[in-house]
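Here is the naming used below: chain letters follow the sequence lines, and residue numbers restart at 1 for every chain. Here the structure is a predicted model, which is why all the values come from computation and not from measurement.
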Amino acid sequence: MLEELAAQGHELPQLILDYRSVSKLRSTYTEKLPTLIHPATGRVHTSYHQAVAATGRLSSSDPNLQNIPVRSPEGRRIRRAFIPADGHVLLAADYSQVELRIMAHLSGDEGLKKAFAAGEDIHAATAAEVFGGRPAEVTADQRRAAKAINFGLIYGMSAWGLARQLGIERGEAQDYVDRYFERYPGVREFMDNTRSSARDKGYVETVFGRRLYLPEINSRNNQRRQYAERTAINAPMQGTAADIIKRAMIAVDDWIRRDAPETALVMQVHDELVLEVPAGSEEKMAEKIRGFMADAAELDVPLEVEIGVGENWETAH
DNA sequence: GGTTCAAGCGCG
DNA sequence: AAAGCGCGCTTGAACC
């Protein structure tokens, strides 16, 4: 793996990775998107598909606008090309930690629910529980490790995977996981119950009852069965998040049709809605959108929405 | 000219 | 032996 070699300080692997990265940005975005501008509208138009992703997410293609770069500075320059119509500004509204909130709801874990109710930085709170100390005293490394644990839980990751991700020994990663489950016993119960229920019923479901069937959950092939088990853990969280943002989109659309004809819902990126709103109306619009998104479901923890406004998709974040 | 596959990488 | 969920696009190789 080039990443491992690069992490050890070797220059050539890093050079290759850097080349691949800029090459990807150039071929997929910088050189391609301008050729896809529709002559009649002056915009790029994606297609959203409602029956592709097994979890109930939308997918986007031709072009895919759900994978526009954002993680690197070079990538973010591409986001600046996404601008609103004249007289409008872009408004980007993201659910904050929605899948972990859903995990808190589904598991009923008191510690996790309490952390979200208190509006804590969830990764810092997790780090404080796992490593000891107060959330405010958590080190950057501890928070990074806790974040990896939190994401790993959503994906059904093993201690081996966590060790690999964090570059630590397997035993140490297992200690982290053990301590996590000591502190958040409801989460372990939820994981066990989810696997067990999936084996009995052959499917898992979201908070709103949409099912994903898992025909390989009882396979004698370990690899296939374990894959199905990870899917069983992940799908209720990813799928419930998908259900929630779809409900929010319907509420937003109803409101736009009734009361905000100058506003347009222009993109959805799994936990984010992007709108163009008339310049000058952004503060009022932001609170409207926040309300629709936060009220799209009544969970045992609050849904929080982060909203930014800007003259392009980069500055709106 | 086309299709299919795997590898690799962009995003949540 | 494998080992972290869900997607779509580009590239290059193999093939028709």
For residues 46-55 of chain A, tabulate all N or O donor-acceptor pairs below 3.5 Å that involve a side-chain atom, not counting sequence neighbours.
{"residue": "A:Thr46", "atom": "OG1", "partner": "A:Ser60", "partner atom": "OG", "Å": "2.8"}
{"residue": "A:Thr46", "atom": "OG1", "partner": "A:Ser61", "partner atom": "O", "Å": "3.2"}
{"residue": "A:Thr46", "atom": "OG1", "partner": "A:Pro63", "partner atom": "O", "Å": "2.6"}
{"residue": "A:Tyr48", "atom": "OH", "partner": "A:Gln268", "partner atom": "N", "Å": "3.0"}
{"residue": "A:His49", "atom": "NE2", "partner": "A:Ser61", "partner atom": "OG", "Å": "2.7"}
{"residue": "A:Thr55", "atom": "OG1", "partner": "A:Gln238", "partner atom": "OE1", "Å": "2.8"}

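- Only the C1' atoms considered, C:dA1 is 24 Å distant from B:dG8, to the nearest whole Å.
- Residue-level contact check: A:Leu17 touches the backbone only, with heavy atoms under 4.0 Å from sugar-phosphate atoms and none from bases.
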**OP:** Could you walk me through whether A:Glu314 and A:Arg77 pass salt bridge (charged side-chain N to carboxylate O under 4.0 Å, His left out), step by step?
**Re:** CA-CA 8 Å; A:Glu314 186 198 20; A:Arg77 294 175 62 188; over 6 Å; no
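- Atom-to-atom, CD of A:Glu31 to P of C:dC9 comes out at 17 Å; the value is rounded to the nearest Å.
- In summary, contact between chain A and DNA chain B, defined as any nucleotide atom under 4.0 Å from a heavy atom of the protein, begins and ends at B:dG8 to B:dG12 in the 5' to 3' direction.
- For A:Ser59, a side-chain nitrogen or oxygen approaches OP1 or OP2 of C:dG8 to under 4.0 Å.
- DNA chain C lies under 4.0 Å from at least one heavy atom of each of the following residues of residues 60-72 of chain A: A:Ser60, A:Ser61, A:Asp62, A:Asn64.
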**OP:** With pairs defined as Watson-Crick or G-U wobble and both distances under 3.5 angstrom, please note down DNA chain C as a dot-bracket string, | for pairing with another strand.
**Re:** ....||||||||||||
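- Between A:Lys32 and C:dT10, a side-chain N or O to OP1/OP2 separation shorter than 4.0 Å is present.
- Near DNA chain C, meaning a heavy atom under 4.0 Å from it, residues 89-101 of chain A has no residue at all.
- Remark: the backbone N or O of A:Pro278 is paired with a side-chain donor or acceptor of A:Ser281 at under 3.5 angstrom.
- Ring centroid separation for the pair A:Tyr180 and A:Tyr184 comes in under the 6.0 Å cut-off.
- Looking at A:Arg220, its side chain does come within 3.5 Å of a backbone N or O of A:Asn218 through a donor-acceptor pair.
- Remark: side-chain polar atoms of A:Arg210 are paired, donor with acceptor, to backbone N or O of A:Gly239 under 3.5 angstrom.
- Computed from coordinates, the A:Leu166 CG to C:dA3 P distance equals 18 Å when rounded to whole Å.
- The stretch residues 225-240 of chain A comes close to DNA chain C through A:Tyr227, A:Arg230, A:Thr231, A:Asn234, A:Gln238, each having a heavy atom under 4.0 Å from the strand.
- Using a 4.0 Å heavy-atom criterion, one finds that A:Ala54 contacts the sugar-phosphate atoms exclusively.
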